[in-house]
Structures are given as structure tokens and as C-alpha cells.
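Here the structure comes first, spelled out in C-alpha cells, and everything after it is commentary.
Here is how names work: the chains are called A, B, and so on, in the same order as the sequence lines, proteins then strands, and each is numbered from 1.
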Amino acid sequence: MFAECLNNVRAKSPLVHNITNYVTVNDVANILLACGGSPIMADAPEEAADITSICNGLNINIGTLNERTVRAMHLAGKKAADLGHPIVLDPVGAGASRYRTETAAGLVDALPLAAIRGNVSELKALALGSTATKGVDAAAADAVTEDNLEEMVCFTKEYARSAQCIVAITGAIDLVADEKICYVIRNGRAEMGRITGTGCQLSGLLTAYLAANPKAPLAAAAAAVCLMGLAGQIGWEHRQPGDGNAAYRSRIIDAVYHMTASRLEEGADYEIR
Amino acid sequence: MFAECLNNVRAKSPLVHNITNYVTVNDVANILLACGGSPIMADAPEEAADITSICNGLNINIGTLNERTVRAMHLAGKKAADLGHPIVLDPVGAGASRYRTETAAGLVDALPLAAIRGNVSELKALALGSTATKGVDAAAADAVTEDNLEEMVCFTKEYARSAQCIVAITGAIDLVADEKICYVIRNGRAEMGRITGTGCQLSGLLTAYLAANPKAPLAAAAAAVCLMGLAGQIGWEHRQPGDGNAAYRSRIIDAVYHMTASRLEEGADYEIR
Amino acid sequence: MFAECLNNVRAKSPLVHNITNYVTVNDVANILLACGGSPIMADAPEEAADITSICNGLNINIGTLNERTVRAMHLAGKKAADLGHPIVLDPVGAGASRYRTETAAGLVDALPLAAIRGNVSELKALALGSTATKGVDAAAADAVTEDNLEEMVCFTKEYARSAQCIVAITGAIDLVADEKICYVIRNGRAEMGRITGTGCQLSGLLTAYLAANPKAPLAAAAAAVCLMGLAGQIGWEHRQPGDGNAAYRSRIIDAVYHMTASRLEEGADYEIR
């Protein structure tokens, strides 16, 4: 199944409209090219709907939101909704400021999202109104662990039900769920958290996978999450003496570039609950 | 001739004012430093003219245009025109939205450009009003090939005549022309298209080459295009196991950093038509 | 002492609010993660004060300032001042345009800065109103050399006295001073100047070091400057055939990632005047 998802992305080369932050935008563009998709970044209200119209999916990331780009997010989102394109929301830093929390909540309310992807603190801020974030990183107290796994699986499904979309909570253990099924994914490495933007990159990948796999969105979302984590494992294997987070960042994108369907199938480490 | 162009850039270290997109801006800055130039990025209308005044050339790239930056492009452009500085336009995504097409056309009309550099879909959108782009990448149907080469050489010269500037159309085959002479360049590798921003980087290089070689603008433009393609070939030769588009991106900039005049002369692969 | 400074950063993992330019922002985020800190970038006036409130320090960099972000700088700065957080100003390109010089001067006047870090031309523009910059790089005539060292030490202390904060002037020789004591630092390599944003990265590091070492700000500032230079030396030792400025950029961040307290103590090359 994941093999088919990957092959569809390579075959269809989905064009993804990204309204995303300026911190990690270059890596998002390069990982979309690496996976076989094609990126376009455009955040002016004047063209937001036009750009979405020529694309196959929309990736909204509030990492460095401002008044202008939030307007563009809504305009592009409305057009994507009209056209039936999958819309992914990455609520970066929800809980860290009222502006972020309210903007993210407003997008969840206004748009028929295909998926929301964030860390556990961001998702809790959205679902529960809690604000225990550490900026754009998850608070340690929020982590998904083997101990609270069953509870977190329920939380993820429940929020997927109420938000009416796929919910992907990523961290040491990743959870990808709709209201009925939850993929519990154990790919990835802790060192990925020392690179800025691996979450943003995953949201880009997720959009491409949803756009190219309209008939199996949950499997496509899980495939994208496994792909990112597996790329983190493969990138780590390729490390050279002296490599730190900067070199590792490139190696992960490069591992996505070389990923094959069979390697993804073999390397995906998940259970379904 | 190309050797002289490269040596002039290294000797004069032209300061280039870039009003460019936030996706690839870091790579544009680093490739300008790599070639021997010096970059400054500034897009506030409050300072656009002041910054241009201390520079030697202006690189305008509409990749993530917005109302504010478009105003800055016009203000900087007017000042650069007054000072006789070369102005390069990179009409990223022209044809992909009305806002981009009209903004690019407005800049062509308002400013005495030294050069326009884009992919073939963008140039067709500007010259013919066609809109067959694939976002910021060229549509496959538009590609310059050995079959349509003569026709595309004519198109490039013709548009150079009507726009009254050098036109550089880059892709598998690159065309760099004024109204009379067209360089047909076969440097580069297809894999460069899997990296975000190689076009943006080339527009930065082009501006530095024009700024440092005022007496031979067409040769300088062709030298910059050959340099970028040759750097793509050299970077490819340096690839290591596991390298993908992220590693390749850095290797190209590094090849520009180490380029010598003699290597550029020997490696430049072009004919004149 | 420097060992303790480094250990404090690793132990406390200070969260740094960055209002910084879009050219080098990704490298600033990655070097903050590399040193053991945690970055958040946010430049909307709507959330500037909220974001600062959850952070431990504020890094203001005017590299691509505009009306909106300058407002955010003042709002965040006021809140950081109320909370007693260290505020670092990087006056990128002060002297290159009236807007930059006046904005930087306005921030110096309005905010109780902990430190100002820039190249010598930027600092002279702030302190003396001179405008001999080469864009965002220092003018050659301004360089700190062995010949004018005593004079520049006095200048740095004097400006620290009048600005009432630590002043860090970085270049071939780095000077880090309060009104009484000046660290003269000889770490680093000239090739670091061929990478965009090593100064911006240092300003991020400096903020993390000040935030984690409130009792010894001058030593913390000197430690951050030595760290950056030493990372430049270590990154250079790790260079591979073909490496240019792009590869070197990553190697420096990676050297910060692997820096140990003892290596910093041993490698720091400074005298106190």
C-alpha cells in the first residue's frame, strides 16, 4: 500500500501550493522536489486563489504568520475547498501565542481540512486549549510515550472525529489517525528534533502524498510519516565524521530523493490500533 | 572572453542589490559570494533606492512577490535606471497567476532592463501571453529541444528585440540572445531541475557578471549561464554515495566558488547562431 | 569560565525569540539548535510581545527590515525589557541606508540592550554616523588590524560606555567589550566572510549565551564569539576536496553542534585589554 502511495507521487508529480514560514521554506521546497512533487510558494492575497487553482494540494503552515499571509491562507483555502484539493494545516507554535492559537483555530473552523500535522503540544493547544508549548517545540510533559500511548491514540482519534480530518501527531512516536484507525509509527530518530523544520518538511510531503492518493488518504498520510522517519534513519546511516545537525538536514532530504517503494515498504515500522 | 568576464567579477567584486523571494534567497546570497560578488538583500520601499545607490547592479525576482516588495522593485529599478546600473528581471512563475504576469509585464514596461532570465514557459507568458506553466517550472510542452531549436532561437532574438534587452531562456538547452546574436549553450545537467532555485541563483550570477562587464553584456550573460551549467557538471562529478538534491545544491555553489577562468573557458559548451 | 558558559547553555536550553532577516534565518535557527538552545522566529506585531514572554532572550536583526517587522522589534523589545530578558541588536547594514541607520539608532535609544554585535562599519555608523559600509559587509578601510588595535579597543569600550551595553565588533580580529574590559579574540578564519550569515548566526548564539549566563554577561559574550570562530577553524579542518562556501557553512554549524566545554576552553584564543 505504501509502495503504491510513493509510486503515485512519483508518477503524478503533484504541484503543491505552500503558504509557509520563511525559516524552513527552502527545505520544504527541496523535499517536495526530492519526493517527486513540485512546489510553488506564494503568499500574496492578490494571487493566492489563482496559484491554488493550478495546483493539486495546499500546504498551510503558520510558522511566521502575519496579517497578509493569514488573509492569503483563507483565500487559497477557500479556493482549494471549492476545487476539492486536499488542504493540510501545520499549526506551528499553536499555544505559544494567542495569535497563533486563534489563527489556527480559525483555519480549522473555516476550511475543510484533509489533515492537521503538528507536535503534541500544538495539537493539544488546538484540541484542548492548553498552552504548555516550548515555543515551536513540544513540551517534554506532553510527549507520546509507551506509557500514555493508549490514551494518546484515543485523543488523536477523538480530535480527528471532531475536526473531521486526518490528524498526525509527530514526535518520538508518531500517531496518524482518522476517527476509527490510528497508525502508531516508530520510524525516525531523536536527532531529527535538533534540525529546524523537519516537521514543516513532513507537512509538505504529506500534502503531496494526499494530493497523489485521493482514494486512500489515511494510508497516504501514514506513508508520508513513515517516509520522513525512515529517511531520518537512512540519513543517519550515511553520516560522516564531524556531521552535526546541518549535514544531517541535507542527508534526510537526500534519503527522500533516493527512496524506493520497496525500501519504504520494508522500512516502515508501524502498527494499527 | 569568458575568462575575462570571470576575472572582472573577481577583481571588481560587484555589490548586487537583490529584491528576491524568501525561498531561495540564502542560496542566491551564497552563490554571489562564491562567484566573487557581494550580495545585499533589501525589499522595503523606505530604503530601496538608497540601497540600490550603493550597489553596482539590481536583481529583481518575483518568486514571492507582494504589494510591498513590488513597490520596492519599482523604486529600486527607477534609481538603478537613473544610475545606469544593469537591472535583471527573473519573472518567476509568470503565467502561473495574473498577478505575476501583470507584475512582470509592468516591470518590463517601466524599467530599462539589461536582461530577463527565466524558463521557457515564463518567457512565453511574457512575450506571447500564453499560460502553460507548471507553477514555477517550465511546462514539458514548452521545452527547447534540438527539433525546435531554430524556431526558439528566433523567438528569443525577437523577444530580445521587442523587450530591448538580453533574453536568457534556460533549461535543457540554454539560449542567451540579443536581437542579433544567440548563444546556444549545452552546459548543465537535468538533475539541476530537481533543486529549488538554480534559476534564481543564475539570475544573481547574471547580475554580477553584467555589473562587472559593462562593455560586453551579451558575452557576460553567456559566461554566467555557462558558469552555472558547468558548475552543475562539476558538482555532479563530486557527488558521494547517498547524495541527492540537497547535497547537489551545495556542490554547485562550491563549484562556482572554485571556478577558474581557464576551466570556464575550456568547459563552456556553446555555439553562436 | 567559557566552559561554564557553554555548559549553562546546554543545561538550560534557552528559548530565543528571533526577529531576523529571511536571508540567513534558517542557519540562525540551526545554529541555535546546534549550541543547545531553542529558536522561535516570529515577527508579527500581533504576537511579538506574547512570543517574547515565553522566551529567555530576544535577538533583533535588521537585515531585511520593513515597517511591520520594525514595529514588532519595538513591541518585543519593550516586553523583553519589562521581563529583564537580554536583548541583542544586530544592526545589519547600518550606514548602508538612512532607514537602516535610523532604525538601528532608534532601537538603541528605545531599548535597554544587553549587547550590540556587528561589523566595524556598522558599529562606526551607529557610533559616529559614518557611512563607509560596503552594503552588509565591512569596508576594508574600517578593518580592525594589529596597527589600529589599541585605538579600536578604546573605540569599542567608549561605545559600550555610551550605549550602556556590551559591544561586539567582529571581523578578522574580534573585540568584545563593556566600558572597562575588552576581549581581543583571534579565533576564526577569513573564509568565514565568504559565507552569508556567519554574523547573523553569531548574534543568535550570543543571545543564547547571554540568556543562559545572566551573572557573567561579558564572559558569556566573549565565549559565544570564541565559539563561533573556533567552530570556523574546526569546520575548516573537516573540509573535503571540492568544498566551497556552501559546504563550509554546514561544517561550521556542525562544529558548534559537537563543541565541548574543554575544547572551547583550549581553543579560545584571546587576550584581555
Side-chain angles (χ1 to χ4, degrees), chain B residues 13-56 64 66 68-69 72 231 234-235 237-240 246-259, chain C residues 20-30 41 43 61-70 92-104 121 131-140 191-198 200-201 239-251:
Chain B
S13 190
L15 184 55
V16 175
H17 179 191
N18 300 274
I19 303 179
T20 188
N21 68 75
Y22 58 80
V23 185
T24 65
V25 59
N26 186 269
D27 295 328
V28 172
N30 273 325
I31 209 161
L32 277 166
L33 287 161
C35 81
S38 188
I40 182 164
M41 279 61 183
D43 64 13
E46 289 88 342
E47 66 168 352
D50 277 3
I51 294 292
T52 284
S53 298
I54 61 164
C55 290
N56 309 106
T64 52
N66 63 52
R68 174 174 55 78
T69 58
I234 294 169
E237 288 163 16
H238 282 102
R239 73 191 182 281
Q240 297 292 320
Y248 190 28
R249 178 255 300 252
S250 287
R251 294 196 194 285
I252 295 171
I253 296 173
D254 288 348
V256 170
Y257 186 92
H258 288 295
M259 188 68 67
Chain C
T20 188
N21 69 75
Y22 58 80
V23 185
T24 66
V25 59
N26 186 268
D27 295 329
V28 172
N30 272 325
M41 279 62 183
D43 64 13
N61 175 305
I62 66 166
T64 53
L65 77 177
N66 63 52
E67 185 276 335
R68 173 174 55 76
T69 58
V70 172
V92 180
S97 76
R98 187 168 170 171
Y99 185 49
R100 284 176 194 246
T101 310
E102 291 183 353
T103 297
S121 295
T131 57
T133 72
K134 190 181 175 190
V136 295
D137 297 316
E191 292 83 357
M192 297 172 77
R194 297 284 297 277
I195 304 168
T196 192
T198 48
C200 305
Q201 292 172 45
R239 71 190 184 282
Q240 297 291 321
D243 272 18
N245 59 335
Y248 189 29
R249 178 255 302 253
S250 288
R251 294 195 195 284

Q: Report, as yes or no, whether the 6.0 Å neighbourhood of atom CZ on B:Arg239 holds more than 12 heavy atoms from other residues, nucleotides or ligands.
A: yes
Q | From B:Arg68 atom CZ to C:Glu67 atom CD, the distance as rounded to the nearest 0.5 Å | A | 9.0 Å
Q. Quick one: does B:Thr64's side chain get under 4.5 Å of C:Tyr22's, heavy atoms only?
A. no
Q.
To the nearest 0.5 Å, what is the distance between CZ on B:Arg251 and CD on C:Gln240?
A. 9.0 Å
Q. For C:Thr196, does its backbone N or O pair with a side-chain atom of B:Asn30 as donor and acceptor, under 3.5 Å?
A. yes
Q) Hey, does B:Glu46 have a side-chain heavy atom less than 4.5 Å from the side chain of C:Thr103? A) no
Q. Shortest non-hydrogen contact from C:Arg100 to B:Ala42?
A. NH2-CB, 3.4 Å
Q) With only heavy atoms counted, which part of B:Thr24 is less than 4.5 Å from chain C, the side chain, the backbone, both or neither? A) neither
Q) Looking only at heavy atoms, what is the nearest atom pair of B:Glu47 and C:Ser97, with distance? A) OE1-OG, 2.6 Å
Q. Side-chain contact, heavy-atom cut-off 4.5 Å: B:Asn26 with C:Asp27?
A. yes
Q. What heavy-atom pair brings C:Asn245 and B:Asp254 nearest, and what distance separates the two atoms?
A. N-OD1, 3.3 Å
Q. Which one, C:Ala247, C:Gly197, C:Pro241, C:Gly63, leads in non-hydrogen pairs under 4.5 Å with chain B?
A. C:Ala247
(Q) Counting C-beta onward and ignoring hydrogens, is there a side-chain heavy-atom pair between B:Asp50 and C:Tyr99 closer than 4.5 Å? (A) no
Q.
As an exercise: rank B:Ala44, B:Pro45, B:Ala34 by heavy-atom pairs under 4.5 Å with chain C and give me the winner.
A. B:Ala34
Q | Minimum heavy-atom distance B:Ile51-C:Ala96, with the two atoms named | A | CD1-O, 3.9 Å
Q. Do you know the tightest heavy-atom contact between B:Ser250 and C:Ala246?
A. O-CB, 3.6 Å
Q.
Let me confirm one number: the CG-CZ distance from B:Leu33 to C:Arg249, rounded to the nearest 0.5 Å.
A. 11.5 Å
